[in-house]
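Worksheet: one structure, shown below.
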Amino acid sequence: MRDSFDVLLLPGDGIGPEVIGAARSVVDAAAKHFGVEIRYEERRIGGIAIREEGEPISDETLEAAAASDAILLGAVGHPDFDRGPKRPEAGLLKLRKHLGVFANLRPVAAIPALLSASPLKKEIVEGVDILIVRELTGGAYFGEKEEGDERASDLSVYTREEVERVTRVAFEAAEGRGGRVTSVDKANVMATSRLWRSVVTDVAGDYPNVALDHVLVDAAAMMLVQNPKRFDVIVTENLFGDILSDEAAMLPGSMGMLSSASLGEPGTPGIFEPVHGSAPDIAGQNKANPYATILSAASMFRHSLGRPDVAAGIERGVSVALEAHYLTPDLGGKKTTEEVTEAVTRWVAAGEGVI
Ligand code: NAD
Ligand code: IPM
Ligand code: MN
C-alpha cells in the first residue's frame, strides 16, 4: 500500500471553496490517523479562473491534474458568466476530457439518520442503495455545436467502444453488489440509444451472473420516485445521467449528500467532486452541506489512492456525525458548514476506538 500522494485541489466557485476547505480538514485528520502523507497543490478552475487567468482552466492546470494522483474538486459556475463568451462549466468539461474520465460513479443510498429529510415517504426511501454509472466524456456534451440566434444544435455521438467501456464498469460494479444492471436509454426515439442498447446487450453476455434490464429514460425518471428499490446499478449516457442523478439526490434528501468519482483507465488520476453545483444562493453564508465533498474525498482514497482503509475511516466519521444530528439547513438542521466539518474531523481523528 502506498502512503504518500499528490492531490490537486480545485475549489472553484460559489460554495466550492467552503466544501473543499471542509474536505481538506477531514482528509488531514484521516491522513494523520492512518499515517499517510498528502501533498496538496491548489489551482483555479471555473469563473475564478476566467477572472484571474483569462480561461476557465489553464494548460498548466490541465498538466498539473494529469501529473497528480487524484483531483478533489469543489464546483464551478457563477451567474456573472451566464451570458459571457466564456463559461466556467467549460473548464470542468475540458478537464474531464483531458483526463479521459469516462465513467462517473454516483452512489445514492438512503441514510438511516436522514429518512425524514427526504421529501419522499420513509417506506419508499428506506433501504435504497443505487449506483448510477454515468458516461462522462461523450454524447451531446461533446459533439459538434452550432450556436446562433436563429438556430442551434448539439450533436450527440456515441461509438461502440465508448459504450462498451462504461458498460463494463457498470457490470463489474454490479458483480460486487446486488448483481443487477439497468441500462437507461431512449431507444424508441434516438439512434445513439439503439446503439447503446445493442452494445450493452452484447457486453452482458460476458457477465452471466448479472441480470440486465433496459428501461426508457422517461419511465426510469418515474420509477426513481415510485419504487427506487427496483434499481441496483444504473448505466446511462452523459445527459440522462446528469438529470437522473439530481433527481436521485432527493432520495437521501439533499444534493448536499451525493458524492461522485470520475474514473478513466486504471492508473490514471480520477476526479472526485460533489454532484451539486456552486449554489450561488447560499455561497459565503456558512450554510453549505459539506458531506458530499467529504464523501468524495473518501471515494478518492478508495478508487484512486488504493486506500480503502482511509476511505472507511472517513465514512465512519460521517456516519457518526449524521447520527449525532450534525445537519445543515438543507437537511432540516441548524448546524453550520464549520460545525459539521469540525465534528467529522474530530471523529475521524479519534478513529474506531472512540466511535
Ligand atoms: P446547484 O447544485 O448549485 O444548486 C441547486 C440547489 O441546491 C440550490 O438551491 C442550492 O442552494 C442547493 N444546494 C446545492 N448544493 C448544496 C449544498 N452542498 N448544501 C446545501 N444546499 C445545496 O445547481 P444550480 O443552482 O442549478 O447551479 C448553480 C451553478 O452551479 C451553475 O452555474 C451550474 O452550471 C453549476 N453547476 C456546477 C456543477 C459542478 O461543478 N460539478 C454541478 C452542477 C451545477
Ligand atoms: C455535473 C454538472 C456538470 C455536468 C456541469 C456543471 C457541466 O451538472 O457534474 O453534474 O452537467 O456534467
Ligand atoms: Mn449535474
Side-chain angles (χ1 to χ4, degrees), residues 10-23 44-50 56-57 71-84 86-97 101-106 108 114 117 119 132-142 154 236-250 252-262 271-296 318 326-341:
L10 298 175
D13 304 318
I15 61 170
E18 296 168 63
V19 293
I20 285 293
R44 299 188 184 97
I45 189 170
I48 183 156
I50 299 177
I57 192 163
I71 296 107
L72 194 55
L73 192 144
V76 295
H78 193 278
D80 283 1
F81 299 93
D82 279 353
R83 264 176 281 151
K86 293 182 178 170
R87 294 202 57 97
E89 292 81 359
L92 181 55
L93 299 180
K94 202 166 172 186
L95 177 66
R96 289 173 179 170
K97 197 70 172 178
V101 287
F102 59 85
N104 180 225
L105 313 188
R106 298 184 159 187
V108 183
L114 293 184
I132 299 178
V133 180
R134 170 190 177 195
E135 200 290 327
L136 202 62
T137 50
Y141 275 62
F142 292 96
D154 300 277
T236 191
E237 68 147 87
N238 204 343
L239 182 59
F240 299 159
D242 180 45
I243 298 166
L244 292 182
S245 53
D246 271 33
E247 185 191 0
M250 286 301 113
S254 169
M255 288 295 298
M257 295 309 299
L258 245 59
S259 68
S260 87
S262 304
I271 308 174
F272 299 85
E273 55 168 323
V275 168
H276 64 73
S278 55
D281 53 333
I282 56 161
Q285 298 172 33
N286 206 8
K287 279 185 191 164
N289 179 341
Y291 284 116
T293 313
I294 293 170
L295 290 168
S296 300
V318 166
Y326 274 83
L327 307 180
T328 40
D330 55 303
L331 297 171
K334 290 203 173 75
K335 300 289 188 203
T336 63
T337 311
E338 281 167 4
E339 284 166 338
V340 170
T341 304

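Counting from 1, the numbers follow the sequence of the chain as shown. Atoms within each ligand, like the ligands themselves, are counted from 1 in listed order. From a predicted model like this one, the values you see are computed outputs, not experimental measurements.
Looking at ligand 2, you won't find any N or O of Glu273 less than 3.5 Å from one of its N or O atoms. For a threshold of 3.5 Å applied to N or O pairs, the pair formed by Glu89 and ligand 2 contains no separation below that value. Here's the thing with Val76: one of its N/O atoms is less than 3.5 angstrom from an N/O atom of ligand 1. An N or O contact shorter than 3.5 Å links His276 to ligand 1 by distance.
Side chain to side chain, Arg106 and Ser260 fail the donor-acceptor criterion of an N or O pair below 3.5 Å. At a cut-off of 3.5 Å, with distance as the only test, a side-chain donor of Ser254 or Asp330 sits close to an acceptor on the other residue. Side-chain polar atoms of Tyr141 and Asp242 form a donor-acceptor pair below 3.5 angstrom.
We find the CG-NZ distance between Leu331 and Lys335 to be 13.0 Å, quoted to the nearest 0.5 Å. Atom CG of residue Leu105 and atom CZ of residue Phe272 lie 8.5 Å apart, to the nearest 0.5 angstrom.
Note on ligand 2: Arg87 sits outside its first shell, no heavy atom being nearer than 4.0 Å. Look at His276 and you'll find every heavy atom at least 4.0 Å from all atoms of ligand 2.
Within the 4.0 Å cut-off (strictly below), no protein heavy atom is located near atom 24 (P) of ligand 1. Within the 4.0 angstrom cut-off, atom 44 (C) of ligand 1 has one or more protein heavy-atom neighbours. Of the protein's heavy atoms, at least one falls inside 4.0 Å of atom 38 (C) of ligand 1.
The local environment of NZ in Lys94 is sparse, with at most 12 non-hydrogen atoms from other residues, nucleotides or ligands closer than 6.0 Å. Sparse packing is recorded around CD of Glu338, with 12 or fewer heavy atoms of other residues, nucleotides or ligands lying under 6.0 Å away.
With hydrogens and angles ignored, the 3.5 Å screen pairs no side-chain donor or acceptor of Lys287 with any backbone N or O of Thr337. A donor-acceptor pair under 3.5 Å is formed between the side chain of Ser296 and the backbone N or O of Glu273. The backbone N or O of Thr293 lies less than 3.5 Å from no partner atom in the side chain of Ser259, so there is not a single donor-acceptor pair. A donor-acceptor pair is defined here as one N or O able to donate and one able to accept, closer than 3.5 Å; such a pair exists between the side chain of Asp13 and the backbone of Gly77. Side chain of Asn238 to main chain of Gly138: a donor-acceptor pair is present (N/O by atom type, distance under 3.5 Å, no hydrogens or angles). Formation of a donor-acceptor pair under 3.5 Å by the Arg134 side chain with backbone atoms of Ala103 is not found in this model.
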Exercise. Determine, stepwise, if the pair Leu10 / Leu95 fulfils side-chain contact (heavy atoms from CB on, under 4.5 Å).
Key: CA-CA 11 Å; Leu10 298 175; Leu95 177 66; 3.7 Å; yes
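When Pro280, Gly77, Ala288 are checked for heavy-atom proximity to atom 28 (C) of ligand 1, Pro280 turns out nearest. When Gly46, Ala279, Gly256 are ranked by how near their heavy atoms come to atom 3 (O) of ligand 1, first place goes to Ala279.
Looking at atom 9 (O) of ligand 2, its nearest protein heavy atom turns out to be Arg96 NH2, 2.7 Å. Taking atom 1 (P) of ligand 1 as the reference point, the nearest protein heavy-atom neighbour is Gly277 N, 3.5 Å. The nearest protein atom to atom 19 (N) of ligand 1, hydrogens excluded, is given as Asn289 N, 2.9 Å; this is a heavy-atom distance. In terms of protein heavy-atom proximity, atom 21 (N) of ligand 1 is nearest to Ile282 CD1, 3.6 Å. Nearest to atom 9 (O) of ligand 1 among the protein's heavy atoms is Asp281 OD2, 2.9 Å. The nearest protein atom to atom 1 (C) of ligand 2, hydrogens excluded, is given as Arg106 NH2, 3.4 Å; this is a heavy-atom distance. Atom 11 (O) of ligand 2 has its closest protein heavy atom at Tyr141 OH, 2.5 Å. When hydrogens are left out, the protein atom nearest atom 8 (O) of ligand 2 is Asp242 OD1, 3.3 Å; that is the closest non-hydrogen contact. The closest protein non-hydrogen atom to atom 7 (O) of ligand 1 is Met255 CG, 4.2 Å. Ranking protein heavy atoms by distance to atom 29 (C) of ligand 1, first place goes to Ser278 OG, 3.2 Å. Protein heavy atom in closest approach to atom 41 (N) of ligand 1: Glu273 OE1, 3.0 Å.
If you look at Val275 next to ligand 1, the close heavy atoms, those under 4.0 Å, all belong to the backbone. Looking at Leu73 against ligand 1, nothing comes within 4.0 Å, counting heavy atoms. At a heavy-atom cutoff of 4.0 Å, ligand 1 is contacted by the side chain of Glu89 but not by its backbone. At a heavy-atom cutoff of 4.0 Å, ligand 2 is contacted by no atom of Met255, backbone or side chain.
The cationic atom of Lys86 (NZ for Lys, CZ for Arg) does not lie both less than 6.0 Å from the six-membered ring centre of Phe81 and within 45° of the ring axis.
At least one N/O/S atom of Asp242, from backbone or side chain, sits under 2.8 Å from the Mn ion (ligand 3).
Distances below 4.0 Å separate heavy atoms of Ala75 from the following atoms of ligand 1: 40 (O).
Between Glu237 and Leu239 the shortest side-chain heavy-atom distance falls below 4.5 Å.
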